[in-house]
Amino acid sequence: MINCGMRLVTTNLTLKEVKPRIRELVDTLFQTVPAGVGGKGFVKVNNSQFNDVMQEGTQWCIKQGYGWEEDIERTEEDGRIKQAEHEKVSEQARKRGISQLGTLGSGNHYLEIQYADEIHDEAIAKAMGITEKGQIVVMVHCGSRGFGHQIATDYLRVFDDAMKKYGIAVNDRELACAPFNSKEGQDYYKAMACAANMAFANRQVILHRIREGFEKVFKTSAEKLDMHMVYDVAHNMAKVEEHSIDGERKKLVVHRKGSTRSFGPNHPELIDKYKKTGQPVILGGSMETGSYLLVGTEGAMKETFGSTAHGSGRTMSRTRAKGEFRGDKLQREMEARGIYVKSMSMSGLAEEAGAAYKDIHEVVKSIEKAGISKPVTSLLPLGNVKG
Amino acid sequence: MAFRFLPDVAIADIAFEVTAATLEDLFAEAGMALLEASANPNDVKLKIKKEIKLSNTHIDRLLFDWLAELIYLKDAESLLFSKFEVKIKRDGEYQLDATAWGSTIDYKDMELRNDVKAVTMHMFEVKQTDKGWMATVVIDI
């Protein structure tokens with residue numbers, strides 16, 4: 001999904017304060033953030049407003065009052081890919097996407113209430129807003145929904161023909177492509193940017209609902225709860241970036257598919273807040289075993305064009321997991337272990353069982369050993385809203 | 001005609017294989033596999049009728065377009081379909097003339113499963129066999 005990504009928000013609440021209220025909190029968010037098959041969003045826009053969403057992303061949301069000014073700079077690319085041109089988006093994609101702003105989706109997309117477990121680097125954790133073990137944070141994983149997929153489907157057809165025209169052969173037709181500077185390549189890039197901006201906007205309006213949900217349950221303002229966004233980072237997007245190749249600076253199209261940007265300290269694109277630390281990297285695990293906040297490194301700049309892993313990754317297929325686990329049983333077992341999960345689909349829940357995923361701690365050890373990001377804090381699940 | 005899900009293919013998505021004696025049945029059965037991934041087919045009653053016309057020069061791309069259209073209708077018009085009548089003729093290019101029956105997505109009365117986002121070209125194949133036709137499809141979840 002174009003600009004599928006992660007967003008992490010802190011609070012000043014503790015595990016002790018939130019644990020007794022977790023049912024109420026998850027139920028509230030489950031009601032206010034639509035999820036599941038064909039879900040319709042809570043932000044209603046007309047065609048002209050949807051053009052603005054496609055062109056302006058997060059920045060449109062802030063203008064409309066869906067968030068705080070500081071959210072913009074804490075989003076990759078300031079939540080807006082400037083090359084977006086809504087004229088490059090088909091009518092079908094528009095019709096499919098216009099009602100999806102403010103929806104979580106299904107599959108592995110979620111909204112999770114977590115708490116800080118082991119803090120690996122206290123100074124960096126503090127700079128990112130995490131000061132103690134047991135501190136409550138919220139993680140969101142979603143993207144441009146069917147809108148982005150329709151754009152991809154539209155251009156998959158265009159590229160299928162373009163590959164013949166430009167004499168390009170690939171082993172897998174899903175890897176359809178065209179030269180970046182060709183008409184087909186540029187048209188796609190401008191349309192893809194529209195989907196990326198819609199995804200930034202989607203996560204932004206969801207954040208707005210999360211803040212409202214916490215305000216309702218804890219009867220105080222999101223500002224007083226210190227609900228600052230740590231960062232929003234994409235893990236499925238192509239962007240033009242400058243990197244060093246054999247000592248020479250070059251402009252490259254970096255396509256991170258299932259991979260997160262991991263810029264190290266002092267990178268010119270980082271905001272002052274993260275200049276010294278490096279960019280926050282949000283790594284999603286399974287709903288049973290937890291996730292990580294990491295930080296980008298100089299090693300990633302040298303080795304992987306400023307990129308790292310995006311999640312723990314599956315070891316078992318959805319189809320097999322559905323045969324192995326039962327959603328309702330899993331839900332009960334998780335609740336007994338202190339994780340309250342609410343899902344639109346019990347079979348969807350079974351597909352997301354922790355045992356269907358790799359051990360995230362091993363994944364983090366591997367990327368740390370590779371030097372492409374380093375752990376800041378591990379995060380454990382307390383409540384989860386799933387599509 | 002039949003479809004079966006492939007448990008060890010494309011583990012983050014859902015893969016299925018469809019076999020049928022005729023092209024028409026292959027398309028109808030692929031539509032049913034898509035539904036099975038999205039919802040409990042028994043919950044999708046035949047309340048709404050939709051005519052779908054598509055054409056393409058290649059038969060595999062026509063199947064791609066067919067499934068993409070059903071996914072589009074799920075999001076744009078909140079429709080799921082549980083019965084299909086498909087006619088395909090070749091007049092220069094392949095022309096599909098189908099009727100689909102189903103109902104609007106209902107969160108209270110339907111067991112909903114995965115929100116299918118796209119049909120992919122990964123391993124995508126339509127081929128003629130000794131017994132008729134066969135297709136392999138991976139849908140993105």
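Source: prediction; values computed, not measured. Chain letters run A, B, ... following the sequence lines, proteins first and then strands; every chain starts at 1. Below, each value reflects all heavy atoms present in this structure, side chains not excepted, and no hydrogens, waters or symmetry copies.
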Quiz item: Centre of A:Y357's six-membered ring, under 6.0 Å away, within 45 degrees of the axis: is that where NZ or CZ of A:R314 sits?
Solution: yes
Quiz item: Relative to A:F42, does A:R209 satisfy both conditions: NZ or CZ under 6.0 angstrom from the six-membered ring centre, and within 45 degrees of the ring's axis?
Solution: yes
Pair [X]-[Y], side-chain donor/acceptor within less than 3.5 Å:
{"X": "A:H141", "Y": "A:H235", "value": "yes"}
{"X": "A:Q31", "Y": "A:D27", "value": "no"}
{"X": "B:E93", "Y": "B:S55", "value": "yes"}
{"X": "A:N3", "Y": "A:S144", "value": "no"}

Determine, for [X] against [Y], whether the closest basic-nitrogen to carboxylate-oxygen distance falls under 4.0 angstrom.
{"X": "B:D115", "Y": "A:R145", "value": "yes"}
{"X": "B:D97", "Y": "B:K87", "value": "no"}
{"X": "A:R318", "Y": "A:E352", "value": "yes"}

Under 4.5 Å from any heavy atom of chain B, what part of [X] do you find: side chain, backbone, both or neither?
{"X": "A:N108", "value": "neither"}
{"X": "A:Q92", "value": "both"}
{"X": "A:T315", "value": "backbone"}

What residue, out of [options], has the most heavy-atom pairs lying under 4.5 Å from chain B?
{"options": "A:I98, A:L349, A:L175, A:L156", "answer": "A:L156"}
{"options": "A:M344, A:R320, A:E351, A:Q100", "answer": "A:R320"}
{"options": "A:G36, A:G146, A:G348", "answer": "A:G36"}

Select one option (side chain, backbone, both, neither) describing which atoms of [X] are under 4.5 Å from chain A's heavy atoms.
{"X": "B:D60", "answer": "side chain"}
{"X": "B:D65", "answer": "both"}
{"X": "B:I105", "answer": "side chain"}
{"X": "B:V116", "answer": "backbone"}
{"X": "B:D140", "answer": "side chain"}
{"X": "B:M123", "answer": "backbone"}
{"X": "B:E69", "answer": "side chain"}
{"X": "B:Y107", "answer": "side chain"}

Self-check item: Top of B:F16, B:F64, B:F124 for chain A proximity - count of heavy-atom pairs under 4.5 angstrom
Solution: B:F64
Quiz item: B:L80, B:I71, B:V119, B:L79: which one forms the most heavy-atom pairs within less than 4.5 Å of chain A?
Solution: B:I71
Practice problem: Measure the acute angle between the ring planes of B:F27 and B:W66, then classify it against the limits of 30° and 60° as parallel, tilted or perpendicular. | Solution: tilted
